[in-house]
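Numbers restart at 1 for each chain; the letters A, B, ... are given by sequence-line order, proteins then strands. Everything numeric here is computed off the predicted structure, so don't read it as measured data.
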There are 4 protein chains.
Amino acid sequence: VNPAAAAARLPDVQADADHRGIALDEVGIDGFAFPLTVLQRDGTAQPTVGDAELLVGLAAAERGTHMSRFVEALRDRSDAVTPSATLELARHLRDRLSSESARVRLNFPMFFARAAPASGAQAPMRFTVSYRAASSTAAETIAVRVEVAVTSLCPCSREISDYGAHSQRGYIRIDAEQDGGPNALWPEDLIEVAEAAASAPVYPLLKRVDERAVTMTAYDNPAFVEDLVRDAALALREDPRISAFEVRAVNEESIHDHRAVARVRWSAR
Amino acid sequence: VNPAAAAARLPDVQADADHRGIALDEVGIDGFAFPLTVLQRDGTAQPTVGDAELLVGLAAAERGTHMSRFVEALRDRSDAVTPSATLELARHLRDRLSSESARVRLNFPMFFARAAPASGAQAPMRFTVSYRAASSTAAETIAVRVEVAVTSLCPCSREISDYGAHSQRGYIRIDAEQDGGPNALWPEDLIEVAEAAASAPVYPLLKRVDERAVTMTAYDNPAFVEDLVRDAALALREDPRISAFEVRAVNEESIHDHRAVARVRWSAR
Amino acid sequence: VNPAAAAARLPDVQADADHRGIALDEVGIDGFAFPLTVLQRDGTAQPTVGDAELLVGLAAAERGTHMSRFVEALRDRSDAVTPSATLELARHLRDRLSSESARVRLNFPMFFARAAPASGAQAPMRFTVSYRAASSTAAETIAVRVEVAVTSLCPCSREISDYGAHSQRGYIRIDAEQDGGPNALWPEDLIEVAEAAASAPVYPLLKRVDERAVTMTAYDNPAFVEDLVRDAALALREDPRISAFEVRAVNEESIHDHRAVARVRWSAR
Amino acid sequence: VNPAAAAARLPDVQADADHRGIALDEVGIDGFAFPLTVLQRDGTAQPTVGDAELLVGLAAAERGTHMSRFVEALRDRSDAVTPSATLELARHLRDRLSSESARVRLNFPMFFARAAPASGAQAPMRFTVSYRAASSTAAETIAVRVEVAVTSLCPCSREISDYGAHSQRGYIRIDAEQDGGPNALWPEDLIEVAEAAASAPVYPLLKRVDERAVTMTAYDNPAFVEDLVRDAALALREDPRISAFEVRAVNEESIHDHRAVARVRWSAR
């Protein structure tokens, strides 16, 4: 049996007309794991593993979308992933699924070498990155998101105690929409902003001499979760490539079993 | 030492003036686990365990918020949780933290008895519920969210196959903002909508005679993830107590290792 | 139609003979959410929400087990949960499923009031508890497990730095098998051991005067992840009610994005 | 300042003598994310992203281990990961940390191309793989673990219903210790066993003609969770390269909101 001929004879239930009169904002797949090759700011490539969310709008008159086309679209565009290429993928989905809108989110870890502050010992450090793009008749957007682990040391604890100050691991998440030409903005740009806002960066590899340096750097730069967000926001507002952003910081409090959080959104428009 | 007197002598770093000029949309705590007593639609109470997200806006001139007050606020209002009481909690936070806005989300499981369709055998079934409330000078909102496990059976698979049809567990999540008086809307209302949209409900306890009934009910009511969303949306649009809603359905596809998703938002305004 | 009569006419596929000659160590259900009432050491009751793992051994000659009976067994034994009652549940499953062995694990949060160290301000604190019981022809066991959030402060960081020392949230998990009579051992007993081994306990509610106390207590009691485990193990070895234990500690390192871990197992036999 | 000289002057707290008399089974790091290059059965390499658990035993007389050495060890051995190389890493840790025992676990996704059963359409499919190795004076072991998503269709539901049968996504997890020479056993070997035990394999990309084939294949091959485990175990017992194994199957039941599970362990010894 010829598969194409066999397929042609099977009814296409998704293509049925729908009479409920409800257009859907999003239909598609998520949690789809895929090997990706991601381009870096310096032009080189980095292999990684992502999971994808691929969605289109569905017109009121259509019963369903064709899910296998999302898989094919990502399969054929997974080897040079950039923010701009993510928008190209969204445009392709819009066209291939004959939809008025499409939205793509690719989530993946990226690793960048980090040198310990005193010894210089190096190891790769993991950062969680997302590229998000949307294409519709009304607008197109490209956004880059990073989540960066940091050390935060509590200013209140330091001030009110005779010695010591509680510190903890925190995460600063920056989601920035970019303006301007293709690939104006890279994850590396946002990671730098997040690390500069921390009491101290977090490292994959620290020798004793480095642990001493990090301990004292954190003590010298106490920061509330509010400070993490504000310092990152100050830097992002000055960046002409960024048209809108959200910064969220979370402290995995070392003196509690819950988290302290802060968030700000900003838009140039 | 008198603790209150001692505390009065400690510097209040959070109360420091801030000169960065950045107001924060949200500051507070999340992931805070707490025992709750939740009222049900029928007026009776159900003990459960929740986790809370408690947030206020922070004015540009203030350095930080006082995190312990969030904990006290929830501690003192955890014994008769309703949608309206969640708004009261948000109003209290706004007042207690001297903020222009406050937002609360309480997430908790609720259990309701389910009788198997043929044998009538009963057991409690878990539903994931959230109450969300916001209070600001501009507006106040109350929303109820439920996530309901369902069976979905694929209409395409049924139509194109000589026998059988793949089915899977899905989740329908409804988030509805309520209009009207206090506690106009209950999780029970939304759970009924979700279960009616499914190929078949999911049960905690099924005897063989029930499994037969559920298998054939699902086969008789095939539904794409798009259908789950549309059928729920149709019912929600007719409900005068609901001013806005989002419905999201997710199918844990049994023929794939990824998920099929659909989503629609609607507002009466 | 009478459901029982209808059921009697349906074939019982699970009861078919199996000819592959492979007995299974465990068959049953897990991830089963259920409302529980748990007894406390002081004799009072605490409502909570658990998830259950209920398993029996399956003889080589049997095709399958009857999953609905697990649900009925828990449903009928969920209102006075203790370590001993968990063994009773395992014995019941063994009998009801005609199996040579049964194993039960109930996981649930328990909340105990915690008073802040200086102000005395109180709020409930969540601890993650499991009861585990096994019954077979060879042996019966009852075990209690707790996971306790703690503060740990690094001795190395303190020693090598001119000021400060990094701290973080850690978790000490103790799993202890009990000897002796019914309910010899309670989660409260193990929580006390874990908190005593920490640099400082973690609290749900801390005022400024308490934060000062906790900060200095932690600085005065530095502990590696190895120390957390050893100090807990020392206390557990002295407890005549405990016949075997495992202690595991995990530090969510504030200077890294990975975890430091240590583990020890001990048995009186 | 010369960092090495500076480090030499810092006290080494971990190297302190310990007087509590408690040797620890495991000390080290986990949740450590790292880019890996993994060799495949066919000799080619696949880049991926893993997380590592690296542990050594700690003698009773030593206060602590040196965590940074674990990071260096993995960093220098991440570019040709195989089961045998994982044992080499464990041996290196044992030597580098002067320990009597070391244990390594590397977890990572691997992708293998899968062709749809009728159309032949290809896409990469994700499988979750772990390599585990232990080295001590007493013994050395190498184990390979895979977790494979599958379709399962309920034999009871099919038998007792006039039409249809509920199906769901399941996961078969095989953990096999290998005997014999280096890299005797590969994840690909175990994935084949798991997929052959299923009602039908799961695919990343299915066209309509494939969905028809998979639907009918699953209906033609009904399997309880018990059957998944037994059929996999039968195949594994015949494999002379495998000295011990555990098979665990989990069905994400489509008619329940809990899981059905089965497990068997076997050892040639």
In terms of heavy-atom pairs under 4.5 Å with chain C, which of [options] leads?
| options | answer |
| --- | --- |
| A:L206, A:T151, A:V214, A:I160 | A:I160 |
| A:A218, A:S167, A:A149 | A:S167 |
| A:H256, A:R208, A:R169 | A:R169 |
| A:M216, A:M125, A:E252 | A:M216 |

Answer key: most heavy-atom pairs under 4.5 Å with chain A among C:V150, C:D220, C:L205, C:D210 is C:D220
With a 4.5 Å cut-off on heavy-atom pairs, point out which of C:S161, C:C156, C:G164 contacts chain A the most.
C:S161
Minimum heavy-atom separation for C:T82 and C:A85, please, with both atom names.
OG1-N, 2.9 Å
Name the residue from A:D189, A:D175, A:I191, A:T128 that meets the side chain to side chain contact (heavy atoms under 4.5 Å, CB included) definition with A:V146.
A:I191
Can C:S84 and C:N183 be counted as having a side-chain donor-acceptor contact under 3.5 angstrom?
yes
Can you find a heavy atom in the side chain of A:E246 that is under 4.5 Å from one in the side chain of A:R263?
yes
C:L74 vs C:L89, test: side chain to side chain contact (heavy atoms under 4.5 Å, CB included). Steps then yes/no.
CA-CA 7 Å; C:L74 180 62; C:L89 174 52; 3.9 Å; yes
